[in-house]
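Here's the structure we're looking at; comments come further down.
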Amino acid sequence: METNSVIPLIAVFLPWLAVAAIAFLPKEEQRLKKIVHVAVSVAAFGLVVSLLPRALDGQAFNFKLFSITDNLRIALRVDTLGYYFGLLISFMWMLATIYSLRYVDHKEDRYYGFLLLVLSFSLGAAFAENMITYFIFYELMTFGSYPLIVHEETAEARQAALKYLVYAIFGGSVLLFALIAHFYWGQNLSFNGAGVLSAASISRAALITIFVAYLVGFGVKASIMPLHGWVPDAHPAAPAPASALLSGVILKLGAFGIIRVVFNVFGVALFKQLNLDLVLAIVASVTIILASIFALTQDNLKRRLAYSSIGQVSYILLGLGLLSQDAALGGVMHIAHHALMKGCLFFCAGIIIIETGKRNISDMEGIGFRLPVTMLCFSVAALAMMGIPPSAGFVTKWLLGVGSLQAREGFFIIVLMISSLLNAAYFLPIIYTAFFKGEKQPLGWRGETSKAMLWPTCVAAFLVVFAGIYITMPGLPYSLVKIVVRAFVGG
Amino acid sequence: MEPRSSGLVVLVLVCPLAAAVLLQLFGRLDRRLCMPTALAACLASLSLTGVLAGNVARGMPWVYHPGNWGGLGIELKMDLLALLFCLLIAGLASLVLVYSYRFIPHELAPRETSYYTVFLFLVSGLLGLSIAGDLLTFWIFMEVMALSAYVLIAIIDVPHAFESSLRYLFMGALSSLAILLGVVLLYGAAGTLNMAGVLGVVRAGANGQATLALALCSVGFCVKGAQVPVHFWLPGAHSAAVTPISAMHSGLVAKLGFYGFARFIFFVFGTTAAVGVLKMTSVLQWIGALSILYGGIMAILEDDLKLMLAYSTISHIGFMLLGISLLSPAGLTGALFHLLDDGLAKACLFLCAGIFIYRDGTRSIQQLKGIALRTPLTAAAFTLAAFSLVGIPPTSGFVAKWYLVLGTLQARRPFFAAVMIIGAMLAAVYAFRVVFYMFFAPERSGALQMDDVPPAMLAPAAILGAGTWVLGIAAIWILPHIQRFVASLVS
C-alpha cells in the first residue's frame, strides 16, 4: 500500500529549527536553546511514531521532491525497512540529545547544531526513495559528523577526526563510483521493488563490480575489516553521546546501505545466484572474530567498546550473508538491538568519565560502588552483548544461529560461538573490576550523577531487557522487521 | 531549427568594448567612476545574454552577419555552448568588478584606470571568442583576450609578476601562432572561414591540410588550457597576478583551452575527423587524465594558497578535457556543466584567497590556521566552494562529477572513471586541508569576531560560494537544455 504523506519530510527537516534557534536566538539564551534542541528531537521522534500504526500494516509513505530525469529523482519513500531504521534513529537521537545536556559543556552551539543536522541527514537517508537520495544524505551526514568527532579539540581528537575524514572521503569516492556504475548499467536507482538489476541485461562482471564497489564504499562506515581503521580512534575521541550515536546509528547507515543493496538493488535471488552471499558472510565472519580479539587487548574502555561495535555491525552483515529467513530477521533486528546495547554502554562510559575522569578499565576498580546504577545498566547491556537471555542480544544471536542452520551453513554457528566467548572475555573483566576488585565501599545511590545522563542510560538498559522478553510487541523491532523479511526473503 | 538573426548578439560584445574605449578616454577624470562604468557594461552584456537565452535554450541559436564580407563567412553565433560561456563570463566579471572596487586601490592605486580598461578588453575578448561563428573572429578575439591577459598580469609592480607574464606571453604567443596556422590551413582547404562551412568540407573528406590544422590547433589549445606537459606557464601567471585577475584567469581565461576544443572538435572538424585522424581524442583523453593527476598532486604539495588553486585549475581543466574527448553524451554534459561550476568555485576560492591577502597579507596555507575565528564568513564561503570543488552532493561539483564519471562508462573506458575518482580524492585532500586549518587547527585563540573586510569584497565571494550550491539544485532545470544540445552533437 502506498500513501502520500508529508510527515516524513517534516521529520527530516524539523531539526533545522534547532539550527535556526542557534542562529537567531541571542548568545545568552543557552537555556532556551537547549529546550528547543530537546523539543526538536522529541518532536521528530513523535512524528515518526505517529506513522507507526500504518507502518505496521505494511504501508509505505511517499513524498517526491523533484526529479532530474525520469529515472533520476530526489524523493522520500518510507517503506517498512526505512521506517524501522528511522524510528531507531529518532529514538536514539532523543536519548543522546537529552544526555548531552549535562555532558557537553563547551562550544554548545556548534555541537548541538551539527548534532541535529546529522539527525536530519540520517533520517533523510533512512527515508530515501532511491540510491542517489540516500547517497546525498549519507555524504552530508558524513561531513556533518566531523565536528562532533573533533568536538573536544584535543590533539587526539583532531587526529581521530582527520583519520575519519580520510576514510570517509575514500569510502565516499568508491561509493560514488558504485552509484554511477549502478545507474549506468541498471538505469534505475529506486529502492521501490525487490531488485532492480537483472542478470539478463547486465554482465556478471559488471554486477560483481557494482557489488564490490558498494561493499567497499559502505564498508568504510560499516567498519568491515580492513576498512575499520577510523572507528577505534573516533569513538574514544568523540563526546560520549556522539560515540553512542556513532556506534548506534552512523555505523549502521553503512550496514543499512548494504541491506538496501542486497534487498532492493540486487534482490535476494540475484544476490544468491551470484554467490555474493557467501562473500558477505565470510567477510563479516572474519571481521567479527578479529574485532573481538582486538577488543580483548584494549584497556581504554571506549576503545574496547569501539572494537566491539566493529564486530557487532558485522553480525548484521552476517545475517544478510546467510540470508535464510531467520538469519535475515536476526541481522536486520540487530541494527536496533545493538544500537540500544551499545548506546547504553557508551552512555555509561560517559558517566564514568564525567564523574570520575577514568577512561582506562584498569583504573576502574570498585567503581560499581561509586556508580551503582550506572554500572548496573552497564552490566545489563554487557551481559546482553554476550547473548545471555532474556535480552535483546540473545534474541538476535539466537535468530542468527537458527538462521545459519536454515541456510545449511552450520559453520557460521562456530563463528557466533567463538564471538560470544570472546565477548564474554572482554566484557566480564570490566564487570568484575567494577564490582569485585578494590575496596568495598558503601553504595553511593544518591547523587550518583545528573538525571539528564542517568535517565537515558536507564531507558536504554530497560529496553535491552524488555526487547528480549516482549519480543513481538508492536513497535519493537520484530514487529517491523518481520514485514521486511517477509517481503524480501520470503517465508 | 533555423537560427534567427538579431543585432543583440553583437551588442553583447559591443557593450564592454565601448565602455573600455570610454574609460580610456575619460577614465582619468574621476577614478571613482571607472568601476561603476565597467560594471554597468558587464551587467548590460549579462542582461542582453539573458534576453537571448530563452530561444537558445529551446534550441534556436541567434546569428548576426556584421558588415558585408561576402564569401568569407564572417558570422557571430550564439548557440548553447556560447550562451553558457557568455553567462559565466558576464556574471563572473560583474562580481569580480565589485570585488575590485575595494581591492584594487589597495594594491594598484595609481593604475586603477588602466586596470579597468584592460579588464573590459579582456571581457570583450572572452565574449567575442565565445560568440564567434567563424575562425577569424575567433582568433582575433582570442588575441584581444590574450593580450589583455598578459597586461593584467604584468600590471602589478613586482619583478616576479613581470617574469611570469613574459613566460605566459611567450607560451601564449606560440600557441596563438599554432592556432593561426591551423586557421590559415583550414581556410586554404575550405575556402571559407565560417565554421559550419569548414565543417562541411572537412566532413566531405579530411585531407592532409585538415589533419595538420587539427594537430596545430590541438597543441595550441593544450597550451591555452595549461595541460600537461605544456602547463608550466600557468601556476606562475595565476599566482603572480592581482587576485581578482587570478579569479578571472582561473575561472574563465584558462577555460579557453576547453572551450576551444569544444568548438573545434564539434563545430569545425567534426567528431569523425577528430576520432579518425590522428586518434586525437584518445591522445586528449590521456592528456586530460595526466593533468587531473598532476594538478591534484602538485596542489597537495603546495603551501601557497594561490599556487595551490592554480594547480587545481590544471586538474579541473583536465576533467573537462577528458570529459569532452570521451565523446559520450554524459561526458560532454558533465564537461559543459563543469565549465560552469568550476568557474564559480574557482573564482570564489581565489576571491577568498584575496581577502586573506588583503586582511593579513598572507598567502601561506600554514598561516591560515584558525582564521575562521577572525573571518568566519569568508571561511564559510571558502568551505562552500571547497565542497563543490571536491564534488560532495548536493553541490554543482557533484552534478558535474556524476555526469563525467557516467560518461567514462558510456564510452566504455572505466579506467578513466578511476582517474576521475582519484582526482576528486586528491581535490578533497588539498581543499579540505585548508578548511581543516581554518576551522579546526589548534592554533586558535581569541573570541569569534565578524569579518572586518569591506562588504564589497565579502559579498561577491559569498554569492559565488552559495552559487555553487544553488547551481547544484538548479541543475535540474539547466541540465535538460544541455542534454538536448549535447544530443545534437553526439549520438
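Quick note on labels: first sequence line is chain A, next is B, and so on, each numbered from 1.
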Looking at side-chain heavy atoms only, is the closest gap between A:Val174 and B:Ile421 below 4.5 Å? no

Rounded to the nearest 0.5 Å, what separation is found between the CG atom of A:Leu176 and the CE atom of B:Met420? 11.0 Å

Could you label the plane-to-plane angle of the A:Phe143 and B:Phe387 rings as parallel, tilted or perpendicular, counting under 30° as parallel and over 60° as perpendicular? perpendicular

Are more than 12 heavy atoms from other residues, nucleotides or ligands located less than 6.0 Å from atom CD of A:Gln159? no

Quick check on B:Ile392 against chain A: is it the side chain, the backbone, both or neither that has a heavy atom closer than 4.5 Å? side chain

Which bit of B:Leu406 comes within less than 4.5 Å of chain A, counting heavy atoms only: side chain, backbone, both or neither? both

Residue by residue, which of residues 422-433 of chain B have a heavy atom closer than 4.5 Å to a heavy atom belonging to chain A? B:Met425, B:Ala428, B:Phe432

Which residues in residues 123-142 of chain A have any heavy atom lying under 4.5 Å from a heavy atom of chain B? A:Ile132, A:Phe135, A:Ile136, A:Glu139, A:Leu140

Work out which heavy atom in B:Phe440 is nearest to a heavy atom in A:Arg158; give both atom names and the distance. O-NE, 2.5 Å

Name the residue from A:Tyr184, A:Phe183, A:Phe177 that meets the ring-ring contact (aromatic ring centres under 6.0 Å, His included) definition with B:Trp402. A:Phe183

Residues passing the side chain to side chain donor-acceptor pair (under 3.5 Å) test with B:Ser364, sequence neighbours excluded, are B:Asp303

Output the option from A:Trp185, A:Phe170, A:Tyr146 having the highest count of non-hydrogen pairs under 4.5 Å with chain B. A:Tyr146

Applying a strict 4.5 Å limit to non-hydrogen atoms, the region of A:Ala181 in contact with chain B is both

Residues which pass ring-ring contact (aromatic ring centres under 6.0 Å, His included) with B:Phe415, listed by chain and number, not counting sequence neighbours: B:Trp286

